[in-house]
Amino acid sequence: MGHQDIQWGIAPIGWRNDDIPDIGKENTLSHLLGDIYVAGFDGTEVGGFFPEADVLNKELRLRNLKIAGKWFSSFIVQDGVEETAKAFERHCAYLKEVGAAIAVVSEQTYSIQKEEKNVFSKKPYFTDEEWNQLTSGLDILGGIANRYGLKLAFHHHMGTTVQTMEEVDRLMENTDPAKVHLLYDTGHIYVSDKEYVPLLRKHIHRIAHVHYKDVRKEVMEQCEQKGQSFLDAFLAGMFTVPGDGDLDFVDVYEELLKHDYKGWIVIEAEQDPAKAHPLEYALIAREYIDKNLLNKSLINK
Ligand SMILES: O=C1C[C@@H](O)[C@H](O)[C@@H](O)C1=O
Ligand SMILES: [Co+2]
């Protein structure tokens, strides 16, 4: 067990962004997959612009790349679990066809992720009743994911009702560990709570998927002072790839290895591709991983 149980991916978000589809729209699927191959990653996540399963599978096969998973915006509280489950079934069927392991779920009811609101101070909150709807609904979605041979990994996210460590605690306590897992995103928890290791340590046994998102602390502080929205903050360069920001991914990696984490670590750094050349940043991440995480004997495994 150890390094060999981990697959390294890089998300399309450095090339194109589902939250602002105009960004990087000149970057085609071939361009993206070619860059991922050149940078030496094992695969990626499905972006909103990806084609149907058989077309995608051929493009992946040609480059020996794999799919880790795909984001799903759930609206369990807003639309009810029955409505959400129908869309989630289709999502899981697609993921199974492309050979993915993970269905990433983020509850988007009341989310300000795409709104022009101060993401540092205006996050939404659920009532106790809404929390119950969310957690019981997630157990149902997790059961569906399991039927497709997938794991549901819940994504805590800035500007949503499940953003802070306290909120992740509540979600984990009230969901079935066999059905609902955690996606640990270093960047989101750092921007939210200004620390990122406690969440990892506390919920290590529920983590089924990891996003390595680095943060430029100075930019984050400026964005917070200005009260910027989530989208404006990423356009200002709040996020970057590991090796280029202020987070230390060695500790995180050690902790994952120590607990026999098996699965994907996906580099996920949303930046404006017009300012941050996607392949250049993919290569910065790759070099950081090779030098600091893989070539160093971190622990004896
Ligand atoms: O996993 C993610 C998917 C994106 O759509 C999201 O906005 C980003 O911040 C993220 O962490
Ligand atoms: Co993420």
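Note that ligands are numbered from 1 as they come in the structure, with each ligand's atoms numbered from 1 the same way. Only a predicted model underlies this, so the values are computations on that prediction, with no experimental measurement involved. The first residue of the sequence shown is numbered 1, and numbering continues consecutively from there.
Residue contacts with ligand 1 do not include Phe239, since none of its heavy atoms lies under 4.0 Å from the ligand. Heavy atoms of His157 approach ligand 1 to within less than 4.0 angstrom.
Taking a cut-off of under 4.0 Å to the non-hydrogen atoms of Phe230, the atoms of ligand 1 that pass are 7 (O), 9 (O). Remark: ligand 1 atoms within the under-4.0 Å shell around heavy atoms of His211 are 1 (O). Against a heavy-atom cut-off of under 4.0 Å, Asp19 is close to the following atoms of ligand 1: 5 (O), 6 (C), 7 (O). For ligand 1 and Gln113, the ligand atoms under 4.0 Å from any heavy atom of the residue are 6 (C), 7 (O). Annotation for ligand 1: atoms under 4.0 Å from non-hydrogen atoms of Trp71 are 1 (O), 2 (C), 3 (C). Contact atoms of ligand 1 toward Glu268: 1 (O), 2 (C), 3 (C), 10 (C), 11 (O) (distance under 4.0 Å to a heavy atom of the residue). The Asp185 neighbourhood of ligand 1 comprises atoms 11 (O), with distances under 4.0 Å to a heavy atom of that residue.
The proximity of Asp18 to ligand 1, defined as any non-hydrogen pair under 4.0 Å, does not occur for either the backbone or the side chain. Here Ile13 has side-chain heavy atoms under 4.0 Å from ligand 1, and that is the only part of it that gets that close. Neither the backbone nor the side chain of Phe234 comes within 4.0 Å of ligand 1, counting heavy atoms alone. At a heavy-atom distance under 4.0 Å, no atom of Val104 approaches ligand 1. Counting heavy atoms closer than 4.0 Å to ligand 1, residue Lys213 contributes side-chain atoms (C-beta onward) but none from N, CA, C or O.
In terms of protein heavy-atom proximity, atom 9 (O) of ligand 1 is nearest to Glu270 OE2, 2.6 Å.
Using a 4.0 Å cut-off between a side-chain N of Lys or Arg and a carboxylate O of Asp or Glu, Lys194 and Glu224 qualify as a salt bridge. The pair Arg63-Glu59 meets the salt-bridge criterion, since a charged nitrogen lies less than 4.0 angstrom from a carboxylate oxygen. With respect to the salt-bridge test (charged N to carboxylate O, under 4.0 angstrom), the residues Lys70 and Glu45 do not qualify. Taking 4.0 Å as the cut-off between side-chain N and carboxylate O, Glu221 and Lys226 do not count as a salt-bridged pair. Electrostatic pairing of Asp244 and Arg216 counts as a salt bridge here, judged by a charged N lying under 4.0 Å from a carboxylate O. Lys122 and Glu115 are not joined by a salt bridge, as no carboxylate oxygen comes within less than 4.0 angstrom of a charged side-chain nitrogen. Using a 4.0 Å cut-off between a side-chain N of Lys or Arg and a carboxylate O of Asp or Glu, Asp128 and Arg170 qualify as a salt bridge.
Annotation for Lys25: atom NZ does not count as buried by contact number, only 12 or fewer foreign heavy atoms lying within 6.0 Å.
Screening Leu200, Val266, Leu256 against Val210 for a side chain to side chain contact (heavy atoms under 4.5 Å, CB included) leaves a single residue, Leu256. If you run side chain to side chain contact (heavy atoms under 4.5 Å, CB included) between Tyr196 and each of Asp248, Val191, Val215, only Asp248 comes through.
No side-chain donor from either of Tyr125 and Glu130 sits under 3.5 Å from a side-chain acceptor of the other.
Note on ring orientation: taking the six-membered ring where Trp is involved, the planes of Phe88 and Phe72 are perpendicular (angle over 60°, cut-offs 30° and 60°).
Protein N/O/S atoms closer than 2.8 Å to the Co ion (ligand 2): His155 NE2, Asp185 OD2, His211 ND1, Glu268 OE1.
Across every non-hydrogen atom of His157 and Gln163, the tightest pair is O-CB, 3.4 Å.
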